[in-house]
Participant: 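Have a look at the structure that comes next, please.
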Amino acid sequence: MRFDLDEQQRAFQQMVADYLETECPKARALEAHDRAGADLAIWEALMELGLGGIMVPEEQGGLGLGLLDLAIIAEPIGRFAAPGPFFDHALATLAIILAGSEEQKARWLPDMATGKLRGTVALAEEKGVWTAENWTLDGEARISGAKNHVLHPEGAGLLVVGLKGGRLGVVAGDAEGLAVEMLPSTDGGRQIGRVTFSEAAIELLPRAEGARLVDAGLILLAADAFGGASACVTMAVDYAREREQFGKPIGSFQAVKHQLADMALMVEPSVGLYWYAAHAFDTDPSSARVAARLAKSHITEVYPKVARRMIEAHGGIGYTWEYGAHVWLKRALFDQAYLGMPQAHRARVADLLEW
Amino acid sequence: MRFDLDEQQRAFQQMVADYLETECPKARALEAHDRAGADLAIWEALMELGLGGIMVPEEQGGLGLGLLDLAIIAEPIGRFAAPGPFFDHALATLAIILAGSEEQKARWLPDMATGKLRGTVALAEEKGVWTAENWTLDGEARISGAKNHVLHPEGAGLLVVGLKGGRLGVVAGDAEGLAVEMLPSTDGGRQIGRVTFSEAAIELLPRAEGARLVDAGLILLAADAFGGASACVTMAVDYAREREQFGKPIGSFQAVKHQLADMALMVEPSVGLYWYAAHAFDTDPSSARVAARLAKSHITEVYPKVARRMIEAHGGIGYTWEYGAHVWLKRALFDQAYLGMPQAHRARVADLLEW
Amino acid sequence: MDLQFGPEHESFRAEVRDFLGANWRRGTDVAEFRAKGVAAGYLYRNIPKRFGGSEQPADILRARIIAEEFARAKAPVEVKGNGVQMLVPTLLERGEAWQQERFIAKTLTGEYKWAQGYSEPGSGSDLASLRTRGELKDGQWVINGQKVWTSYARECHYMFALIRTEPDAPKHQGISYLLLDLNQPGIDIRPMKQINGGNDFNEVFFDNAVTPENWIVGKRGEGWNVSKSLLKHERNMLGGVDRSEALFNSLLKLARRTTMGGEPAIKAMWVRDRLAALKAELEAQRYSSNIQMTRELAGEGGGVLQMMNKLAQSNYAAAIAEAANILIEDESLISPMDNPRPGNERWVNQYMNSLAAAIAGGTSNIQRNIIADRVLGLPRDGAGA
Amino acid sequence: MDLQFGPEHESFRAEVRDFLGANWRRGTDVAEFRAKGVAAGYLYRNIPKRFGGSEQPADILRARIIAEEFARAKAPVEVKGNGVQMLVPTLLERGEAWQQERFIAKTLTGEYKWAQGYSEPGSGSDLASLRTRGELKDGQWVINGQKVWTSYARECHYMFALIRTEPDAPKHQGISYLLLDLNQPGIDIRPMKQINGGNDFNEVFFDNAVTPENWIVGKRGEGWNVSKSLLKHERNMLGGVDRSEALFNSLLKLARRTTMGGEPAIKAMWVRDRLAALKAELEAQRYSSNIQMTRELAGEGGGVLQMMNKLAQSNYAAAIAEAANILIEDESLISPMDNPRPGNERWVNQYMNSLAAAIAGGTSNIQRNIIADRVLGLPRDGAGA
C-alpha cells in the first residue's frame, strides 16, 4: 500500500511549479486583475508543456493518465494563482473523454490536447444550481436558454453544455444563436460570462456523464484551493519572518506564531482529501461522488478563511492592491462558490451516505 | 436615560458577593459535587439576608422589587457557583406572584419570602420540551403524569407545575400520589429529580402565566451564566498571573494573553443582554420574550466555551477534581441546557421577530 | 435602570425637531445651516465660541438626542474627518493660542482639511519606531521620509504628522508633532489602491519638505504624548453601534430577499439560527455602548467595555461577511468593482471591507494586547506584534 | 498511488488469519497466546529474541496487517502501558546490558508494570524545571520531592523518573533518568480524582526514597536527552485515527438515535451539515495518517503532518463533544458518574475527556509552538507557555 504521489508524479508537479515560479510571479497573477480580458499566455505555455493532454488517450495524442495526475497539476496552478482557462479547458476536454463517441474524440481531442482548440463548460443555471441532476436546458439538435458563470467563453472553440438528465452536448464557439455577455469577475484570473443560446446548434455526446464531469470539476477546484491555501500559509510565514516590529520579526511573537500554526493546521492535513477523491475517481467512481464533495467542501471552505488571515497577518500592506495578497482571497471566493457552496455539497454527502 | 445599575442595586449586589466570597469559597462549591444531597445551608443563609423576598410584594413581607433586582443577585450566585435551590425557589415564588390569587399570595408568599416554605418548579416533559406552549400535563383538581429535571424536589414544600395552555398549578410537597426519583446531576450544586404524579391533588393558579414564568427563568439563568462566565475569566487570569513556567508568569506569554483577551471579549460585553431583558420583563413584558431568549441563548452558549478554555488555561491542575475548576464547567452545562438549548431559543426569536 | 429620556430631555428633543423643521430641507445651503446649528447650540458643542463652536456644557444625552434627530431628518452634522475629530481636540488641549486662532475655526467649517501622518512603511503596530526625520534649519523644519495609509491626502490642505526630530533620544522621546502645508514642492502624494478597488489611502513622500519652526504642537520630543490623546479620541469615534446595526439589517434584508435551493433563505433553520445569534451579539454591543455612555455621563469613564469595542466590531463585521457570503452563493463570482449598480455581489465588497476593519487603526492583535494589559492586568512582556 | 496491499502482504494476511483461527478464541490463556504470537513473529516485532521479542525486520505494512487482523479477531496484542511503550525502547537504546536483561523480558510479559515519573506540580510545559532531588549517599540515590500526573501508579511495581541529581548544573543538564522500586516506605502514592470522576492519575511523594546507584539509564545529567527519545515515541503513539473515527461513529449513531423537537436529529439540515463537515475532517486525518505511514515506509519520516496529529485530534475531539452536547439537549443535565448504564448523558463524559486530550501530553499551546518552530521555521523566542 502506498498513499503518496510516485516519483514521476512528484517530478511532474515540481516541473509545473518551477515553471510557474518563474513565469507566474505574484505580479503576473495580479496583472489579470488589473486589466479586463483573459490572460491566455500562461495557459498557452502550459499547453506547450503538454498539460492539455494529461487525461487524453494516447491514440489522440495525450498521455492517457488519470484525474489524479491532472489534479496534482491543478495544485501548483492554484498555488501561483495562475490566471487563465486551465480549469475550464481541462473540464471540457474531460467531458469529451468521458462522454464522447470515438469519432468525436478523434475529431476534437488531438487539438484540445495541444491547446489548438480551446474548450469551456457551461453548467450553472439559476442561483446555486450547478449539479447535473438540476440542469434544465434540453434539446436534440438545437437549444435555447442560458447558462451562467461560463468561464472564458469569448474565443472558446467549443462549449460543453450541461443538459437535462445529466447529458452533455457541444456547441461550437462560433455557432449562430450563441451570445456572450461578459461580466466583471471577482477573480480576475478567471473571466466569466453569461451565455445565451437561441436555437443554437448542439451536438450531443452519447454518454450522460454530466454528474461525473461535475465530480471531476469539484476535485480540480479542491486541488486548486489546496494549492492556494498552502500558498497563503507560506506567504504569511514568509512575511512574519521578514517584517520587523519592536526590533524583532513579528514571527517571533508568540501570538503570531500560534495564529500561523493554526493556519497551517487548517490547511496541510487536507491534501489527502483531494488526492483520495481523484484516485477514487480513477479507480472506483462510485465512491468518488462522496469523496469529491468532502474534498471540495472542506478545502474550499478553509481557503477563504486562510486567505483572510494571511491578509490580516500582513497588516495594512496586505490590504493594498499592489501587494497582490487579494489575488488569493478572490481566487478563494471563486473556488468556494464555483460548482456550488460547501453547504450544498455537504447536504449531498449526507444524502449519499444515507444518513 | 440611564443604562446601568443604580447605587442601591450595586450595593445590594456587592453585599451578596461579599457574603458569598466568605461563605461560599471554591471549596464549598466543590463540596456539593462530593456528596449526594442538596446543600441547603447557603440558600438558607441567603434567605436570612432577605433574598427570598426581592420580588414579593410588600404586603406579603417582601421588598416589592423587580426581576432586574433579582437577576443582579443571581449573577454573584453564579459567579461563586453557590449550590442550592436559589433559582428554583425564586421561580416558584415568582409563579405565585405572577399567577396567584390574592388569597393564594397571602397564604404562601410570606413564608416563601423568608424561606420557611421552599418551592420548586416542575416544567420539563419530553427531551427538549420546556416551554409553556408545549406542556401537556393537565387537570383541574388532580393531575397524572410526569415532569423531568425538577430541581431539589426532595423536601420542597410546594411544586409549581406547568400545565397545558401555559397554566400553572401548585402541588404540595407532601401530596399523595407524588413520587420523586432523584437522578445524579451533572451540576452537583443543583440536585435533579423526576417527579411522577398519580392523581395528585393540584391547586390551580388563576392566571395562565406559564410563558412569562419561563421568560423569567431564562433571564435568571442568563444572569447566573454571566456571573459564572466572568468568574471563569477571572480564574484564568489569576492563574496566569501566578503560575510560572520558563521563569515567568504564563500570563506574560503573548499567546496566553491573547487567549485570555478573547475570553474576556466573549463575556464582558454580554452583561447588558440580561440587564435589558430583566428590565424589559419589569416594564414592557412583550419585548421581554425576545430579549430573554437572546440573553439566555447568547450567554449560556458562551459560558461552557469559556469554562473549557479556563480549564485548559490551567493545564493539568484544572483537570483535577480537587482544584474545583470543573464546578463552573458543569454549572455551565446546566445553565445552557436548563429550560432549553440556545438553538431552540434562537429559533423562537426568529419566529417572534417574524423573520 | 431607566431607559427613557427624562422630561427635560424630551422637551429638548422637541426643540431640536422644531429647529430642523424650520431650517433644514433638502437643498438648503449646508454651510449656512451649520452656522445656524452652531448658533442654536447643537453643533460643535464642546468647542469655545471664539473658535466657532457653541460652547455648551457637556451633556451626553443632549448630544445623543441631537444625533438621533439630525439623522432622522437627514440633516448634516459636524464636518467629518481627521481635522475636526483629531486635530481640533489636540489643539484645544495642547496648542498655542495662535495655533488655535489660526486653525480651529476654518477646520470646523471644512475650509481646512487635514491629513493624518502617522504610519510609515516600517512602522505599523510599532508606531514609535517611525523614521521620517525633521531637522531645524534656518528657522524651519526640513522633512524627509515617507508616510503611508494617509486617508484622503489628495483632498487635504494640511497634515498633522509625527516626525522624528531628536534622532539621538530614546524612540518615544524623539518624536515631535508637526503641522505642515501639503501644497508644496517637497511633497509627493501617491494614491494606494485597495483590494476592493477603492483608493482612499495614499503614500506621502517628503523630499526636503518644509514647515515653519513654530508649527509644532507641544514641545520638541513630546509628539508621542500629544498623539496619544488623539488615539484615545479615535478609539471613541469607533465606539458606536451604528455600523454593526446597519450590517445586521442589510444581512437580514439579504436573507429575506434571496433564495437558496429555490426557497427564501430566511426560511432555512440554519439561517434563522445564525441571524438570531448575530442579533444577540448586536444587542450586546448596543447595551455595552449604552452602559459606556451612562458611565461617561456619571464621570466613571467607559472602562473595560470601551477597550473591547474595536475588536468586538471588527469580529462582528467579519461574522456578517461570512454569513452573507454563504447566502449569496455563486453571486460572489461577480465583482462589484466598476459596477455602478451591483446586486447581491455588493457583499463581496463588504467581505473585503470587513478585513479593513480588522487591520485599520491598530490590528486585532494590538487590540488583544490592550485588553490583556489594561483590562485584565496581565504582566507586560515588553512588546507585541 | 496504490491503496491496495500487494500480493505478498495479502498472503501474509492470510497466514495471520490462520494463526488466529488456530490459536485464539475467547477464554484462551492470554500469556500463552502472547508467547505463541511472539514465536510466530507477530508480537514484539522490533525487540530482540533474547529479551522475549520476535526480532522481525521493520515492515510497517505487516505491522498494520497484524494490527488489523488481531483487532478483527479481538485477540490481545502487546502488553499496553508505559513499560512496553516507553521504557523498553529507551533501555534498548540507552540501557546497560544488565538493565536490559533484568527488566525487558518481564516488562514485555506484563510481570513488571512501570509508572512514568516526569511532571511535577511546578513543572508542566516547562518540564526541565523539575525539582525532585536525588543525592548519592552510601552507594544509593536518596530521593526527595514529588511527581504528579502519574498514571496507574498504584498498580505499578517500578517507576522510571527524571530526577535532579546535579543541582548546580544548568537546568537541562542536571537531570538523571533513574529507575526505582515503588514498593518501599519512602514512597507515598495518592490518587488524584479527575473532573469526570475517574482517578487514573496519582501524586507520588518521595521522602528519602532510595534506589541503587546503578539503576540509572545513561550517565548522570543525561536524563533530559534520554527522555527526549521517549517523548518522540509518545507522540507516535498518539498518531492513529482510530480514536477520531470511533468518536465520529458514535456521534453519527447518536444523531440517528436521538430526536430533537420530535424529529430524528439526523434529519435536521444543520445536523447533516455538521456531520458531513466532521466526516471531511475525519477523512483528512485518515489520509494524513496514511501519508505518514507511506513516508515512514519510504524512510522519509512522517514530516509536517506528524507534528500536527496531536492538535488536530484534540481539536476534533472538542468539536465532536460540542456537537454531541447540542444533540443531547437536556440529557446533559444527568451525570454519567456513578451511573452503571448511562444513556446519552455518557456524552457529558466525552465532553470532559475531550478536555483531557487538549491538556495531556503537552497542552495545545505547546503543540502550536512545535508547529510554529519546527514546521513553519518561525524564529524562536526563547520559550513559550
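Heavy atoms only: backbone and side chains are in, while hydrogens, waters and symmetry mates are out. Residue numbering restarts at 1 for every chain, and letters A, B, ... go by the order of the sequence lines.
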Participant: Which one, Ala264(B), Ala240(B), Ala347(B), Pro249(B), leads in non-hydrogen pairs under 4.5 Å with chain C?
Facilitator: Ala264(B)

Participant: Among Arg348(B), His279(B), Arg241(B), Glu268(B), single out the residue with the greatest number of heavy-atom pairs under 4.5 Å to chain C.
Facilitator: His279(B)

Participant: Once you measure the plane-to-plane angle for Tyr42(C) and Phe12(C), does it fall in the parallel (<30°), tilted (30-60°) or perpendicular (>60°) bin?
Facilitator: perpendicular

Participant: Highest number of heavy-atom pairs under 4.5 Å with chain C: which of Gln9(B), Arg293(B), His298(B)?
Facilitator: His298(B)

Participant: Only one of Met266(B), Met341(B), Gln343(B) clears side chain to side chain contact (heavy atoms under 4.5 Å, CB included) with Glu301(B); which?
Facilitator: Gln343(B)

Participant: When heavy-atom pairs shorter than 4.5 Å are enumerated against chain C, which of Leu265(B), Val349(B), Asp282(B) gives the highest number?
Facilitator: Leu265(B)

Participant: With a 4.0 Å cut-off on N to O distance, would you call Asp224(B) and Arg79(B) a salt bridge?
Facilitator: no

Participant: Once the angle between the rings of Tyr338(B) and Phe87(B) is folded into 0 to 90°, is it parallel (under 30°), tilted (30 to 60°) or perpendicular (over 60°)?
Facilitator: perpendicular

Participant: Who wins among Arg256(C), Lys279(C), Glu283(C) for the most heavy-atom pairs under 4.5 Å with chain B?
Facilitator: Arg256(C)

Participant: Would you mind telling me which of Val271(B), Asp4(B), Thr283(B) has the largest number of heavy-atom pairs within less than 4.5 Å of chain C?
Facilitator: Asp4(B)

Participant: Answer yes or no for Lys26(B) and Tyr323(B): cation-pi contact, defined as NZ/CZ to six-membered ring centre under 6.0 Å and angle to ring axis within 45°.
Facilitator: yes

Participant: Identify which of Asp6(B), Leu5(B), Val233(B), Leu260(B) forms the greatest number of heavy-atom pairs closer than 4.5 Å to chain C.
Facilitator: Leu260(B)

Participant: Check whether the side chains of Asn369(C) and Arg374(C) place a donor and an acceptor atom closer than 3.5 Å, and report yes or no.
Facilitator: no

